[in-house]
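Nothing here was measured: the structure is a model prediction, and the numbers come from that model. The figures that follow rest on heavy atoms only: side chains count, while hydrogens, waters and symmetry mates do not.
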Amino acid sequence: YYKLGKKYYELYKDAPASDLSELMNKLILADEKIADYKEDLKAASAKDDREADESDEADESDEAGESDKAQESNEAQEAPEADPEDAYMNEDD
């Protein structure tokens, strides 16, 4: 029955028999709604993809900034500490 109904709809949706016209109109409206929902989903998906790409770029930027901070921290730790005797000697000069 499903296949028969689907075939009838495909063939006669634009000119159904009078007793089926109300049902055909409901099916046509449902098809239009489905098409609208598909467009909405497609637009929302594209928006999510753009936001995800922007978020990824921000994360990469943050990671680069953290990498720079880590490198500065490592450089600071690698710097030789001042010898306390040098400080003492400079006070006498």
d(Tyr12 OH, Lys7 NZ) to nearest 0.5 Å is 9.5 Å

Any side-chain heavy-atom pair of Leu20 and Tyr8 under 4.5 Å: yes

Rounded to the nearest 0.5 Å, the CG atom of Leu27 sits from the CD atom of Glu22 at a distance of 11.0 Å

dist Lys38:NZ -> Leu41:CG (nearest 0.5 Å) comes out at 9.5 Å

Minimal heavy-atom distance between Lys13 and Met24, with the atoms involved, is CA-SD, 4.1 Å

TODO: Indicate if Ile28 and Leu11 have the same hydrophobic cluster label, given that clusters are the connected sets of ILVMFWY residues with side-chain heavy-atom separations under 4.5 angstrom.
DONE: yes

When you look at CD of Glu10, are more than 12 heavy atoms from neighbouring residues, nucleotides or ligands closer to it than 6.0 Å? yes

What one should report as the nearest heavy-atom pair of Ser21 and Pro16 is CA-CG, 3.7 Å

Margin query: Within the structure provided, determine whether Asp31 and Tyr9 are in side-chain contact (heavy-atom separation under 4.5 Å).
Written below: yes

Looking at side-chain heavy atoms only, is the closest gap between Glu51 and Asp48 below 4.5 Å?
-> yes

